[in-house]
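Counting begins at 1 with the first residue of the sequence.
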Amino acid sequence: MAIARALTTDCILVVDLAEVAESAFAVDPHRRIVYWSEATEKLLGFSTAEVIGRRCCDVLRAGQEAGGACGHCLRPGEKPGATQLVSQFKTQATAHDGRSKQLCVTAVRTHSTEGEVRIMHFLREMPTPLAAPEPAAAPAPAEAEPALRAAEDGRGDDTTVMPAPHLTVRELEVLRLLASGLSTSEIATALSISPITARNHITRVIEKLEVKTRLQAVVTASRQGLL
């Protein structure tokens with residue numbers, strides 16, 4: 001059973017596992033699973049007891065072509081900070097019953113209050129592709145460009161995309177600094193504003209994204225293409 005960690009108000013990289021309600025799992029720097037949510041049990045059919053301590057790629061049977069690693073986890077001994085803290089990608093996993101699952105994964109580098117490095121993987125199942133429709137006329141350049149950008153950066157998928165909330169330029173700056181792992185005081189310094197003002201911006205970002213925590217804000221923003 002995973003131990004819930006206290007979530008500080010000043011650092012996004014500390015995650016409270018008790019607040020993770022969606023399909024998610026966490027791995028250590030050796031890619032071994034250390035947390036497996038109840039929603040993930042329902043999605044993939046593996047119980048917590050079956051997966052704890054095993055490598056995620058072995059459980060999901062994904063990425064075997066790359067030597068058993070999907071390439072999105074930390075390498076042994078690697079610390080977060082120098083590389084991207086949030087990434088989104090698609091993968092094909094095999095559930096407990098042998099069925100193939102198409103997943104959209106948002107991976108976020110986190111740590112516990114003791115400084116233990118973790119990679120949280122938030123999962124969304126993508127619908128089974130339907131039969132190919134009749135060829136349609138090519139969209140106008142203005143319509144095609146956003147879709148092309150989404151496909152190129154890995155954000156495009158077959159799931160329904162919720163409309164992105166309207167964030168001010170400053171709120172987008174704060175959001176991107178949050179996604180870089182900065183604390184409230186560090187964001188205040190980076191933007192030359194007071195910590196109270198920085199905290200107010202963070203609160204408004206969380207409210208507009210309709211989430212409860214900074215971690216959820218970054219995950220949601222990544223899925224909506226705001227990062």
Using every non-hydrogen atom in the two residues, find where [X] and [Y] come nearest and quote the distance to one decimal.
X      : Y      : result
Phe89  : Ala107 : CE2-CB, 4.2 Å
Gln88  : Ser222 : OE1-OG, 3.1 Å
Ala217 : Ile206 : CB-CG1, 4.3 Å

May I ask you to decide whether Glu207 forms a salt bridge with Arg204, counting only side-chain N to carboxylate O separations under 4.0 Å?
->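 Answer for the salt bridge query: no.
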
What distance separates [X] [atom1] from [Y] [atom2], expressed to the nearest 0.5 Å?
X      : Y      : atom1 : atom2 : value
Glu186 : Leu178 : CD    : CG    : 11.0 Å
His166 : Leu172 : NE2   : CG    : 8.5 Å
Ile202 : Arg214 : CD1   : CZ    : 4.0 Å
Leu209 : Leu167 : CG    : CG    : 5.5 Å

What residue among His96, Arg54, Glu50 forms side-chain contact (heavy atoms from CB on, under 4.5 Å) with Val59?
->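 Exactly one candidate clears the test, Arg54.
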
Main-chain N/O of [Y] paired to [X] side chain as donor or acceptor, under 3.5 Å:
X      : Y      : answer
Ser37  : Glu22  : yes
Gln224 : Ala221 : no
Gln216 : Lys212 : yes

For residues 187-195, which side-chain donor-acceptor pairs fall under 3.5 Å, sequence neighbours excluded?
unit_1 : atom_1 : unit_2 : atom_2 : d
Thr189 : OG1    : Ser185 : O      : 3.1
Ser194 : OG     : Thr197 : N      : 3.1
Ser194 : OG     : Thr197 : OG1    : 2.9

Side chains of Glu173 and His201: is there a donor and an acceptor less than 3.5 Å apart?
->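 Side chains of Glu173 and His201: no pair found under 3.5 Å.
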
Here the salt bridge (Lys or Arg N to Asp or Glu O under 4.0 Å) pairs for residues 34-43, sequence neighbours left out, are none

Specify whether Phe25 and Trp36 have parallel, tilted or perpendicular ring planes, treating 30° as the upper limit for parallel and 60° as the lower limit for perpendicular.
->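 Phe25 and Trp36: tilted rings.
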
Does Thr94 reach the side chain of Leu60, with side-chain heavy atoms less than 4.5 Å apart?
-> no

